[in-house]
Structure formats: structure tokens, C-alpha cells
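Heads up: the structure comes next, in C-alpha cells.
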Amino acid sequence: MKAAVIVFPGSNCDRDVAVALEASMGAKPLMVWHRDTQLPDLDLIVVPGGFSYGDYLRCGAMAAHSPIMREVKAKADKGARVLGICNGFQILTETGLLPGVLMRNKNLKFICRDVHLRVERNTSDFCRGYAAGAVVRFPIAHAEGNYFADAETFKALEGNGQVAFRYCTKQGEVVEAANPNGSLANVAGITNAKHNVLGLMPHPERLAEDLLGGSDGKAMFDSLVEALR
Amino acid sequence: MTKITPELLASHGIKADEYKKILEIMGREPNHTELGIFSVMWSEHCSYKSSKKWLKTLPTKAPWVICGPGENAGIIDIGDGQAIVFKMESHNHPSFIEPYQGAATGVGGILRDVFTMGARPIANLNALRFGDPSHPKTRHLVAGVVAGIGGYGNCVGVPTVGGETNFHASYNGNILVNAMTVGLADKDKIFYSAAAGIGNPVVYFGSKTGRDGIHGATMASAEFDEKSDEKRPTVQVGDPFTEKLLIEACLELMATDAIVAIQDMGAAGLTSSSFEMASKGGLGIEMDLDLVPMREEGMTPYEIMLSESQERMLMVLKPGREAQAKAIMDKWELDFAVVGHLTDTGRMVLKRHGAVVADLPIDPLALASPEYDRPWLPPVKPPVIAVEDVKAVCPAEALKTLLACPDLASKRWIYEQYDHMVMGDTVQRPGGDAAVVRIHGTNKAVAITTDVTPRYVLADPYEGGRQAVAEAYRNLSAVGALPMAITDNLNFGNPEKPEIMGQIVESIRGMGQACRELDFPVVSGNVSLYNETQGTAILPTPTVGGVGLLEDVTKSATVAFKEDGSAIVLIGETKGWLGASLYLREICGREEGAPPPVALHRERRAGELVRQLIGDGQVLACHDVSDGGLLVAVAEMAMASNGHMGALLDAPSTLPLHAWCFGEDQGRYVLEVRNDDLASVLEEALEHDTTVRVIGKTGGHVISVGGRAVRVDELVEANEGWLPGFMGDEIAQH
């Protein structure tokens with residue numbers, strides 16, 4: 001698998017995801033500066049977490065207009081896998097690669113803690129390593145993770161099986177009490193219609209090593225390596 | 001030209017005798033800009049004029065210390081060619097006036113102190129003290145400070161891994177925000193601030209200079225009065241996005257060999273950074289202020305020199321390297337300007353619109369700043385409170401009350417607003433004895449803690465100073481780390497009052513003694529005085545930030561009970577000391593008595609024992625005994641465990657039950673030990689000449705002692721409920 005991580009001014013999970021990728025791939029991913037306009041032949045592009053452009057204006061809004069994003073879109077259209085984590089998810093919605101929007105958390109605060117997620121669909125290259133319906137633990141760390149889409153868009157999303165992860169209890173119940181940020185229908189991550197683009201607010205790269213408290217996230221990177229080898 | 005009047009001097013915080021000295025140094029009357037420069041350079045905040053004499057008595061050397069106090073931050077050697085750079089600094093006054101920006105820029109400032117030296121910041125911590133929860137301002141201040149720390153730290157992408165938060169009425173009008181940063185550097189790539197090379201370019205980079213924060217250092221060196229809110233314009237505004245760019249740009253530039261010297265612009269901005277660089281190098285600087293990147297038009301030399309706009313740096317480059325450095329700053333979209341050059345005159349010459357607007361001798365300002373031997377009164381030793389004079393209540397009820405009191409209540413509401421995992425090396429998250437952060441790409445880790453018990457320091461500054469250092473030593477040992485060095489942040493009231501000066505002198509003496517006996521030197525620090533509002537001082541709060549090293553990160557202990565039926569072992573001696581305890585304050589409503597004494601030789605032996613047992617894998621869980629005593633420590637281990645595992649405790653017949661449960665005797669740890677390892681643990685303890693005792697076993701879902709019991713679930717609810725309830729938030733699901 002050949003992978004690249006896009007680096008924007010203010011990205012701060014670029015190294016973390018590169019470490020997790022390297023552990024699964026056995027090679028370092030390419031780190032690409034946002035002003036670049038070309039990408040080599042790639043299987044996977046990661047848009048990492050952080051505060052691109054300080055989250056000024058609106059999360060992800062300025063990064064969505066970085067020169068490299070035109071190329072990311074072009075590659076995605078041709079079928080490359082694109083993974084947006086946290087701020088990366090926000091950027092992907094701003095570029096239109098994924099539908100919907102991420103609003104301010106319901107409690108108006110930044111939240112950093114482990115949450116449980118139910119794997120809603122395990123047929124994408126990102127999630128094959130998980131059993132369908134499995135409950136996994138990933139951390140969240142965001143102030144704007146409250147997913148919203150209009151009724152029509154959301155209906156299509158659900159109909160297409162584009163909801164990849166939902167916030168749930170430890171036991172796997174998708175209930176309001178397990179929803180950390182007010183997301184519509186507890187949505188934590190979605191794919192595009194072709195399932196080659198995944199955006200999610202929780203950070204799989206942060207729990208991909210037992211020493212750090214868990215390794216549920218590792219299966220996502222292993223799945224990609226397996227699918228794209 | 002502005003006339004120097006007594007009113008102008010007073011507004012600059014310059015005393016009559018100091019002005020006399022200024023006239024001597026200048027040989028003429030200073031102009032307004034020059035007076036402003038003297039005022040900030042000689043402010044308590046920048047000059048340490050009241051504390052210098054005593055700070056010199058602290059031990060600062062050890063074979064592993066690379067750089068002690070005097071530079072931007074302290075540096076210790078952690079082997080394998082790597083070094084840890086760290087410091088703690090206060091941002092008390094600004095945080096009270098404008099909590100969000102005050103706290104945010106406090107984080108920004110301490111980060112710069114660390115990356116200025118060539119280190120990548122790897123962890124932030126914060127020691128916070130707020131007023132009484134019932135005070136009308138407290139909630140607003142907590143909300144603002146926490147949001148400010150998070151807003152800044154989260155955006156720059158440095159994990160906020162620990163700290164402490166206390167509440168006490170003495171901080172009603174004067175909260176404390178002490179921010180600590182720990183960074184990692186290559187030992188042979190450390191950058192200092194001493195300018196060198198006559199003619200070399202002096203370069204400004206980072207954000208533009210605006211009119212914000214003018215006189216911040218002077219404000220931070222004065223007491224508050226009823227008009228303090230009017231000082232809001234002296235608080236700076238932070239831009240964490242620019243700081244993040246600055247970190248990356250600095251580290252990228254530092255990877256080249258273009259830099260001769262570098263210094264961040266902290267308190268007193270361009271003034272203190274340029275004076276410090278020149279003074280340390282024994283050189284002069286000539287600067288053309290027209291070249292300084294400015295946010296606003298028409299700024300005067302006075303405003304340019306005294307602005308405390310954030311995210312700015314000053315450096316001396318090797319000649320001819322300007323283009324290389326500028327290219328890096330351009331990449332990161334930061335301002336870059338050659339603003340002057342080094343001279344051999346030993347003078348600071350500033351020009352604006354082609355004319356010399358200030359011409360000052362550097363060393364008399366920077367080195368010969370006033371030093372006071374202020375009169376001080378030895379603190380009066382409070383009486384020792386006898387156990388019999390403290391009422392006994394049901395230990396289960398008292399435990400529940402204590403765990404829900406503001407000082408012991410869970411601080412989850414705070415640390416979950418901080419990104420404590422970014423950078424992917426946080427091995428022990430907030431909530432334990434010390435944070436553990438792996439050294440990236442290695443199997444080693446640093447342990448980090450902040451500690452002080454202000455009520456002990458008030459009762460007896462000398463004992464309290466010793467205790468603050470000993471507790472940091474204990475917290476690091478409790479996770480298995482070898483304590484290496486400390487940074488200190490000395491927060492006190494007005495040093496011109498002899499009783500306050502007595503607190504300063506005695507607590508420094510206590511800290512120094514503990515540091516010496518524990519081989520735990522001070523490598524950096526900061527002093528914040530005049531923490532008074534309308535004449536009332538804060539509790540004396542010399543915060544200690546301790547750093548320890550784990551050679552093998554997998555050999556670390558956490559506080560959570562692990563296994564049903566294992567032995568609970570108490571290390572250290574218990575006499576049932578209730579004076580100045582939390583039990584006395586929270587249960588009996590009494591703030592009095594001598595604090596528990598620290599026996600440093602025993603402290604050291606107990607620490608060595610615990611570290612050895614953890615390293616040998618004989619410890620399932622470990623927690624130091626501090627605020628609230630033994631029962632609180634055991635309850636915290638139970639509450640942290642999976643499934644809220646309980647403990648069945650014995651009580652000795654030789655001590656009243658409340659003294660056994662809640663006494664705050666020092667130098668103690670609670671260990672969870674497998675029954676198979678128990679004999680060897682007890683043997684090791686005897687070999688270390690340390691008091692040891694099996695006090696019970698884990699299991700069940702209650703904490704039970706002396707025939708009384710309380711469910712761990714109930715304790716968790718009380719412990720987790722207070723802060724969200726106080727802040728008016730729903731309690732998060734876990």
C-alpha cells in the first residue's frame with residue numbers, strides 16, 4: 001500500500017497517524033505539504049486531525065481551498081481511498097467529498113475522552129477488520145463534532161449504508177446518553193456513496209497500541225493494508 | 001518631550017530611590033521611552049528584585065543538569081543524547097482580569113520558553129487555584145481559564161497531561177494560573193540566548209507588534225484594587241495557530257546552523273528579549289524600530305518597546321543567512337524582519353523615523369537591577385493539634401464528604417476539555433499520581449507532576465516548602481519514575497510586608513533543604529508576588545513542577561486496583577496527624593494546627609523502595625497518600641479500577657479510627673501486591689529500613705474499615721458529581 005498524509009498549517013495529528021500507518025504498513029507514508037498540487041500514484045490519502053488554519057472562519061473551510069485538495073478530490077474520484085479524521089473529516093465535508101456538516105458540540109465545549117462506537121458497516125476497505133456490529137473504543141478530541149445533514153441527504157446516507165460508525169454504550173446500544181456531541185442519529189463517521197472516502201470524528205490512530213490504553217484503532221489501518229496491498 | 005513627574009514615576013511603579021539610580025546610570029534625565037524600559041526591566045516580574053537573594057540559596061546542580069535557572073528554561077540529561085527542557089510560569093494577574101486570554105497566553109508564553117531552546121514541547125500541565133466556590137466570580141473564572149488553556153493547548157497540538165486545581169477563599173480576588181511545559185531536545189542541539197558576533201543581524205519574526213499588553217509586566221508586579229478591571233487592555237491576546245506555526249518554523253530553522261542566539265518575547269516584549277540577549281553576550285544592539293512589523297499605524301517607540309503582543313521571537317543570525325531563514329518563515333507565513341545588528345558599544349540604541357529615540361547602557365539595566373533584602377518576620381509556629389482534640393465521625397460518611405469536597409473532587413470536567421492524547425505518547429493520562437509521557441520513538445518516558453499544599457505552607461512555610469518538594473518526589477516515585485529535577489513557581493503576596501517576606505524566605509529554605517536531601521535540584525522557575533487584593537494575600541503557594549525518568553515505560557504503576565483478593569500494603573509510618581488536614585477543614589470546619597512534618601531521609605528510602613518494587617514488577621497498583629489521608633488514597637485506587645473494586649481494611653487498635661483513616665502523615669504509599677509477592681515485598685521494605693504494614697485486601701464493591709462500609713459506586717458518584725454540578729453541566733457518561 002502506498003499512502004500519503006496531507007499536512008496543513010495547524011495540522012497536529014499528522015505525525016500520530018503517520019506512526020499508526022507505519023506500524024501497519026511497515027513503511028513511512030509520504031508527508032505532503034498543502035501547497036503542493038500533485039500527488040504520485042497512491043492507494044490511500046489521509047487528511048489528519050488538528051486545527052488547520054487555526055479553525056478560524058469555520059473548521060476546515062480554509063484548508064478545503066488549499067491547492068492540494070483539488071488533487072485529493074481528483075484522486076478520490078478515480079477511486080483512491082481517502083480517510084479524514086477529526087479536522088480531516090471537517091475538511092472533507094467542506095470540500096464536498098462527504099455530505100453534511102460538523103457543528104459545535106451540544107455542550108459547547110471541547111471534549112477529549114474515549115468513546116464507544118458501533119461498527120455499522122464493515123464492507124468498506126477501512127472497516128473490513130471489524131465484525132459488523134462490533135463495539136470499538138476510540139478517543140474523541142474535538143469541539144465541533146456534532147454531525148448534521150438535511151433530512152433528504154440523511155435519508156440517502158442511511159439508505160446507501162453510508163453510516164460507518166455510531167456512538168454507542170459499552171454494550172453497543174445506540175442511545176442519546178452515549179452521544180457525546182449531539183450528532184444526528186449518533187453518527188460518528190460516514191463514507192461517500194462509493195465507500196472509498198471515510199470521514200470520522202474519533203481518532204483510530206490514538207488507540208492503536210496497547211501501551212496507550214487500547215488498540216481498537218489498529219484494525220482500521222490493518223484493514224486498509226490488507227485491502228490495498 | 002514628556003516631563004518626568006512623580007505621578008509618571010508612580011504610574012510606572014518606580015520608587016524614588018530607584019529613580020535616583022536611573023539618573024546615576026543615565027547621567028541625565030531619561031525620556032519617556034527610556035523610563036518605560038527601566039520600568040519593565042526593573043519590575044518585580046522581570047528582575048526578581050525581592051526574591052533574588054533567597055533564590056540563590058536553592059540547589060541547582062547535579063551531574064544530570066545541563067542548564068539551571070537563568071535561561072529560558074531548565075534542561076536535564078535523560079541519556080541517549082536527549083534532554084528534557086522544562087519550566088513553569090505564572091499568569092495570575094492577567095487570568096483574573098480576563099480569564100480566557102490570560103490563561104491562554106500563559107500557556108503560549110511557557111511553550112515559547114521551551115521551544116526557544118530547541119525543544120519540541122511534548123506536554124503541558126497546569127496548577128490552578130481558584131477562590132471559594134460560593135464566591136460570585138469563581139464559576140466564571142473556572143470556565144474562562146479552563147477554556148483558555150484548552151483553546152490554546154489543543155490548537156497547538158501539545159497534550160495537556162496533568163496538573164492540579166484547588167479552591168480557597170484566599171484566592172477570591174487573585175486566582176493562580178501556573179502553566180508548565182516539558183519539551184524534548186537533542187543534547188547537542190540546544191539553543192541559548194547569549195548574542196555573539198559584532199555586526200550580526202538581529203532578526204524579528206512571528207506575529208506583528210500591536211498595542212496589546214503594554215505594561216503587562218508592571219501590572220503583574222502590583223497589588224489589585226477595586227479598579228483592576230480597568231486594566232483589561234494590559235492583557236494580551238493569544239493566537240495559538242500562529243504559535244503552532246512558530247513552533248514548526250523554529251524547529252525547522254534550528255535544524256540548520258543559521259542561528260547564533262534566540263529568545264522569545266515574553267513579559268516586557270522586545271525590551272526584555274533584546275536586553276537579555278545583549279547582556280548575556282556582553283554586547284550592544286542598534287535597532288531601527290521602523291523595521292519592526294507592526295499591526296497598527298503610528299505606534300510610538302514607547303509602545304513598540306513595551307508591547308506584549310504574543311507569538312514573537314528575536315534572534316541573532318549568522319551573517320549571510322537571512323535569506324535561508326526568511327524562506328522558512330515565508331513557508332510558515334510568519335513575519336520576518338532584520339531590525340538591527342549587534343554592536344560592541346554595550347548600549348541599546350533605538351531609532352525611529354531616522355532619529356535616536358533611546359540610548360541606554362545595557363548591563364546596568366539588565367544585571368544591576370535593584371536587589372532588595374527586604375525585612376522579614378519569622379512565621380509563628382502554630383500549635384500541634386492532638387488527635388483527642390479532633391472530633392471523630394463515621395469514617396464512611398467522612399470519606400464520602402471528603403471525596404466530594406472541591407479540592408478532592410474529580411477534575412475530569414477540566415481535563416476532558418484538554419486534548420491530553422495528541423502526539424500519541426500519553427501513557428498515563430490525567431487523574432493518576434503523575435502523567436507519564438513516552439519519549440517518542442523510544443521505550444523511555446518522563447513522569448510529570450505539579451504539587452504544593454498551600455494550607456501547609458500557610459501554617460508553617462518551612463515545613464510546607466519541604467512538603468511540596470517531597471510530594472512531587474513521591475508522585476513521581478509512585479509511577480515508578482526516578483525523580484530528576486524540579487521547576488518552581490513561587491506565588492506569594494506583597495513582599496514589602498515582613499510577614500509575607502517571612503513566608504517567602506522560609507518556604508524557599510524548606511524547599512532548598514528537601515531538594516538537597518532528595519537529589520532533586522531546581523533547574524528553572526518563576527516568582528509571582530503581589531498576589532493580593534485590597535490588602536488580603538493569597539495562601540502562600542510555591543508550586544513545584546517535578547520531572548522524573550522511566551528507563552522502561554512498561555515498568556510503570558498506576559493507581560487503579562487490578563485484582564480481587566490481593567494484599568493492600570502501606571509503606572511509611574502512620575501517627576494519625578490531623579493538624580492542617582483536609583479532615584480538620586472539611587469535616588470539622590477548622591483551618592488550624594501545625595502541618596505534618598516531612599522526614600526527608602525516610603522519604604528518600606520509601607521512594608527508593610517503591611521504585612525498586614515497581615521496577616521488579618512486584619506492584620499491581622501504587623498510590624501516594626496525600627490530601628485526605630489513607631482512606632482517601634485507598635478509595636481513589638478503588639474508584640479508578642475497572643468495575644469499581646472495593647477494599648476490606650483492618651484498623652489498628654493503637655490509634656483512634658479517624659486518625660488512622662484521615663491523618664496526613666507524610667512519606668507514605670499504598671501498594672496493591674499479589675499474595676505470592678507479599679513476603680518478598682515485606683522483606684524488601686525491611687531491607688530499606690522502611691515501616692511497612694499489610695492493611696487489608698482488595699475485593700467486593702465496598703470500602704470497609706472498622707465495621708463501617710460505603711459502596712465504591714456511591715463514592716464515584718460523589719467524587720465525579722461535584723465539579724460538573726458546580727459548573728452547571730450534566731455529568732458525562734463513561
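Since this is a predicted model, take the numbers as computed values, not measurements. Scope of the values below: all heavy atoms of this structure, side chains included, with no hydrogens, waters or symmetry mates. In what follows, chains are A, B, ... by sequence order, proteins preceding strands, each numbered from 1.
With a 6.0 Å radius and a threshold of 12 heavy atoms from other residues, nucleotides or ligands, B/K208 has its NZ atom at or below the threshold. Heavy atoms from other residues, nucleotides or ligands lying under 6.0 Å from NZ of B/K555 number 12 at most. Annotation: A/R58, atom CZ; neighbour count of heavy atoms from other residues, nucleotides and ligands within 6.0 Å does not exceed 12.
Nearest approach of B/C155 to A/G54, heavy atoms of both residues: SG-CA, 4.2 Å. Contact record, A/D16 with B/G424: OD2-N, 3.6 Å, taken as the closest heavy-atom pair. Closest approach of A/N12 and B/N154 over heavy atoms only: ND2-O, 3.3 Å.
Remark: B/E333 CD to A/R35 CZ distance equals 4.5 Å, nearest 0.5 Å. Here the SG atom belonging to A/C86 is positioned 8.5 Å from the CG atom belonging to B/D419, to the nearest 0.5 angstrom.
When side chains are defined from C-beta on, B/H440 counts as touching A/R15, because their heavy atoms get closer than 4.5 Å. You'll find the side chain of A/P9 reaches within 4.5 Å of the side chain of B/F241, heavy atoms only. Looking only at side-chain heavy atoms (C-beta outward), A/D114 and B/M421 come within less than 4.5 Å of each other.
Contact residues of residues 138-148 of chain B toward chain A are absent (heavy-atom distance under 4.5 Å). Residues of residues 202-219 of chain A that come within less than 4.5 angstrom of chain B, heavy atom to heavy atom, are A/R206, A/L207, A/E209, A/L211, A/L212 in numerical order.
For chain B, the nearby part of A/Y56 is the side chain; its heavy atoms alone come within less than 4.5 Å. For B/V158, no part lies near chain A; criterion is any non-hydrogen pair under 4.5 Å.
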